[in-house]
Amino acid sequence: MQTRKKYIFLTFLASWLLLFFFGGDQLRRFAFFSSKKAETLRNWPRWADRSLLKSFADAEELEGDGDPPLQSPKARRAARLSVYKKSRCRMETCFDFSRCEKHGFKVFVYPWEKGDPMSDAYLKILTSIEKSRYYTPNPEEACLFVLNIDTLDRDHLSAQYVRNINEKIRGFPLWNDGRNHLIFNLYSGTWPNYTEDLGFDIGQAILAKASFYTESFRPGFDVSIPLFSKDHPQKGGERGWLYQSSVPPKKKYLLVFKGKRYLTGIGSSTRNALHHIHNGKDIISLTTCKHGKDWEKHKDARCDKDNVDYEKFDYQELLRNSTFCIIPRGRRLGSFRFLEALQAACVPVLLSDGWELPFSEAIDWGKAAVVGSERLLLQIPSAVRCIRPERVLAFQQQTQFLWDAYFSSVDKIVHTTLEIIKDRLLPHRSRARFFWNALPGGLLALPDFSTRGGDFPFYYLRQGSSPSDKFTALIRAVSPVLSLSQPVLRLIQAVSGSQYCAQILVLWSCEKPPPPRGKWPQTAVPLTVIHGRTKLSDRFFPYAAIQTDAVLSLDEHSSLSTSEVDFAFVVWRSFPERIVGFPVRSHSWDAGQQRWGFASEWTNEFSIVLTAAAFYHRYYHSLFTDYLPAGLRDLVDRLAACEDVLMNFLVAAVTKLPPIKVTQRKQHKEPGDQQDTAASAGARRFSQRQDCLNQLVDWFGYMPLVSSQLRLDPVLFKDQVSILRKKYRHLEKP
Amino acid sequence: MCASAKYNTRGPALIPRMKTKHRIYYITLFSIVLLGLIATGMFQFWPHSIESSSDWTVEKRSVHDVPVVKLPADSPIPERGDLSCRMHTCFDVYRCGFNPKNKIKVYIYSLKKYVDEYGTSVSNTISREYNELLTAISDSEFYTDDVNRACLFVPSIDVLNQNTLRIKETAQALAQLSRWDRGTNHLLFNMLPGGPPDYNTALDVPRDRALLAGGGFSTWTYRQGYDVSIPVYSPLSGEVDLPERGPGPRRFFILSSQMALHPEYHSELEALQAENGESVLILDKCTNLSDGIPTVRKRCHKNQVFDYPQVLQEATFCVVLRGARLGQAVLSDVLQAGCVPVIIADSYILPFSEVLDWKRASVVIPEEKMPEMYSILQSVPQRQIEEMQRQARWFWEAYFRSMKAIALATLQIINDRIYPYAAISYEEWNDPPAVKWSSVSNPLFLPLIPPQSQGFTAIVLTYDRVESLFRVITEVSKVPSLSKLLVVWNNQNKNPPEDSLWPKIRVPLKVVRTAENKLSNRFFPYDEIETEAVLAIDDDIIMLTSDELQFGYEVWREFPDRLVGYPGRLHLWDHEMNKWKYESEWTNEVSMVLTGAAFYHKYFNYLYTYKMPGDIKNWVDAHMNCEDIAMNFLVANVTGKSVIKVTPRKKFKCPECTAIDGLSLDQTHMVERSECINKFASVFGTMPLKVVEHRADPVLYKDDFPEKLKSFPNIGSL
């Protein structure tokens, strides 16, 4: 039996093989390659003569693309000026660049008085501009003009609506058909269509508007801004609500919405559908019909039940406890809840088709929000469920960064708008997109300093690079050099002994002339004397001579050893965005006096590193001088011992992190303490610092300083091991 | 549903044991079948059979054999393109739907030849480039042959060059496509739009709602978020092999190589040259070349002849001026040469501008500013020029070099609009490979100092040292910020002690029993861990004081994205052996901390368990060693940051510390640890560990100050 079977199979196989070898083409095609053949048929064919095909254009055509004696470029440019106006405005056609060439980017605000009818929000916008470093009171110098007429609310049913703008504007001699004007608007149009009409002729003005439709947005010309409430803070602003980063997100809900449902009219189709995705467990989508006066007229079958459910949940609590928040369009495209969700680190899921997202020219919203489609609402739950936890964490962090960098105050919104416009003026001196979307954000990365990421202290890791391995010492000298034993000369010796020192700059801020070349100590590195004025803020001027990434800022009385300098610099290379230094101070809130207090030495924590001896990135000189408003620098010039506090404020505001203290062999003495032994002088100085602290908090709108409890020491510092094994053994000598 | 959410592993497949008596029989049968298969294979790949195999498929067809379609003169014409079209108004997303792969499906119409009533053809059937483009789409993941499942339709009607087609008839041909439906979800590729005299910047063929991937958009014709701006392909890309040129000085500062410039531009360039001399080179057509040399590949300046495009590599900046059209093929050549393009074409929408950050690769100068070009370019620092050159070359390699690259980038952009939550990131689009390789994107990038109130969870991995474990528990429970204690019981053969025997502590104590005695159990992201901070501590670490642990937690709060630990270790390059070496001696540097006592973020548990590269996790479990080194590698690799060692050195009871006691075991232990470092470095493909010379101490540590006023007095006691 078995053998028979075997033979049958063998014969079968043999015949099959024979068939295969000698069988016809036909058979092979059908029996063996049918699947493959079908596939090739289905794909785009590999034409036999594909190599013979002609190119889509011959070289002459690609090169010449037309006859040269075409319309002259100049004539074409002139012609387009008259064609592309109104809805087709672009910077090239509706903006006068020549106004910005001489004085740079200066903004003029039409004069206004306290009593003028103006909403709080517009008042804040104007105040922000007037306090900004771009403000000019002189219209001759101005590159950009901002009206003193409140154009924020252009819903003519609203109480804030300003009438007869057209007539008013016509009376302005500077109006010039709106050229180089910037118009802010939050609400346009009214019931029932909420069109984008502003109710007056904006001419060639740039529109900074909330709820922009992509169709009417003029790319590269208009700016889309977020909708913000009248209570939005002028400056400073609340921080975001994300305090911990957990993976997977430890939130009670996945996706939430709580808001109005429009029964009729524009936007109702989106909001009417939202209840479909409610599952009562991790997806909460609640709507209410109760709004407006006559809601009961339009009420439908769901309304009563919905209204009951609606009351069961608290909006704030949903916001805090959800990973994603649905941000559907309202009557208009933008809504307050967008910024609310951003602040709450509730990742926005946008259902607002055709909305030109806020600051879309700069911000990459794909990193912080899920841009959904109104039509695909029912897919949203599965789509967000499938987003991997680490991506969710990245989303959450990005919402916090964006909130803090561009949205948390009116000041930031206004400045982002201005910076976006400024970037268009000189394209080659503008920020690449990554500056806007990486910490610390575009407002703090000045393109006038550099357009290259590697020149800033923030992007080393992102670019896989590291800061330069040398530093420049900048010593501020205020007293004349009389003897060879003067501390400043010893300091120069010590610093120049460091293997990382590239050069020493002496900022000569003394009435008396500096000693001649030969009187300075012989150093291995170049020593240059810069003549400064007596202003305190001068020490943070971005001197062209500073070419290294690191600056070692020193007072003439500072006393440091070469070891200390070496070690501090090595530490700084690990923390290039922070101030790394020796003597420290700390701040604290004095509840009794309701003001910030200043604690001097011997504290268990600190928040200020004195710039009498500190390393930091040279970029902070540029930020100090070019970013801070002039008023602040005037303030520190008036007060003694405030400039270093301001520098600490600035760096803390940028990094949100404390400075770093490193080992110091012996306690550094403050110059004041040394000279004026009188207690009163010390006390005066101390109270001045206190004043400074409080005035700076006013300027910033919040207290940016962050405290630290640690000091970085060499790995073997004071360890029970032979001193010979220690690299920084001089730090331990008594 | 979610393709990515599965972490389960497959068990070994079971092989049923067959009856022995049929065995021989089956074996014979199989060997015959095998022989047959081998024979078939040989037959197929035998050289003589290649010719005959190709006609089994339909590939041998010619483009001239495709079916002819006659268009009646009165057949419908689509409406002109609608300038207000956006994805949400003119695109039918329902066709794309939700799918786990987040990929759109693209259908290609089959090739036809279109003729008018008189039999005259409407256009060239298909150009080489369009054929390449369609081939690329059909070979890609986007392709589908099922017209009903398609989300995007690509007509095979070639409209790359408007000059080669008849506008009205081409439009009619489009309108009769089977799924045309006003052009909804149809994608047209065009590189040379417009025609004389005024050269429109978008394809003139009426196309209704169709998306246009166009090569010369101006800001007025480009529908942002709907159209895709693509490059004008330069056929030289395929012909000339131009190796990437490294950084370094180049002969010319500014080079202009375009041949048909408007005289007005030409005179402006010449003015520049007159002012700045040799560093500016303006090339033009060669007039006195002998026959037979293709003029395309030569450029001349006076009597000097230069090879094109090779000459572009000699220049730092290359001018790309607009011609009659905004998009210029020369841009592709310039990028290929790694020359920084200076784009002078007002209102031009640069290729793929939706995703590419052109500011990193080019200098855009308004036409009116042309006279200032030299000074503007002089202000670009050398290092930035080098980065731009690298970036330019990368753009060419990734998005310009072939029709395939152009096609796939276009489809990806549309794909990203439809599945924005799965979109490719800015970094992936823009960072050249070298940057991608060396850069790190810290998953905990937000500078947050977690609130102290949260506290930390201590995790003690234990096997059977109950007595010592209890002592650790008692010691750790004294730390003020401890919020929970988790004991991971790694012994499957023995039950943990009864509840009543455990020390009574003020925080919740949980015991987790594991299924297998694996070291990686220590790093599992247990749900019981409710705090961000985790303190991993061995069951024999009893020498750390409460002050030291509390201080460690405070340091971690300031560096929540790092490993903050007590005993530090170092890796060194052994020059003799040419490999890495593990070092536990008293050194001035640290690059690792032992996780026998270390604080870190719970997120790293998640990474360790699910995202550890290569086979490291299994390797560690198999060797029962080096889990801490693996963790150090992982964290350093993902954050690019060093560890923080806290507080002075103590004598720890740890495997290698016993070396002092002279046990022979330790030599092998050290060798094993060194091996781990070498193994991990090869799996990671790099050495991610960062060496630092500092450690963290309390601010007033060892300062001459009353101890009782210090926050952490009990530090460093032995």
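In the text below, chain A, chain B and the rest are named by the order of the sequence lines, each starting its count at 1. These figures come from a predicted structure and were not determined experimentally. All values below come from the heavy atoms of this structure, side chains included, with hydrogens, waters and symmetry mates left out.
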Is it the case that A/T655 and A/E577 place a side-chain donor and acceptor less than 3.5 Å from each other? no
Answer with side chain, backbone, both or neither: which region of [X] has an atom nearer than 4.5 Å to a non-hydrogen atom of chain A?
X      : answer
B/E387 : side chain
B/F551 : side chain
B/L444 : both
B/V555 : both
B/A696 : both
B/N430 : neither
B/S347 : both
B/Q224 : side chain
B/T587 : backbone
B/A434 : neither
B/L236 : neither
B/L700 : both
B/E132 : neither

Start with the C-alpha distance between A/L62 and A/F56, add both sets of side-chain angles, then the distance that settles side-chain contact (heavy atoms from CB on, under 4.5 Å), and finish with yes or no. CA-CA 10 Å; A/L62 281 174; A/F56 76 110; 4.1 Å; yes
Taking the six-membered ring of B/Y426, is the NZ or CZ of A/R433 close enough (under 6.0 Å from the centre) and on axis enough (within 45°)? no
Contacting region of [X] [heavy-atom separation from chain B under 4.5 Å]:
X      : value
A/K250 : side chain
A/D364 : side chain
A/L376 : side chain
A/R429 : side chain
A/Q398 : both
A/Q244 : both
A/L242 : both

Flag the pair A/Y459 / A/F435 as yes when their ring centroid distance falls below 6.0 Å, and as no otherwise. yes
According to salt bridge (Lys or Arg N to Asp or Glu O under 4.0 Å), who are the partners of A/R76, at least two apart in sequence or on a separate chain? B/E367
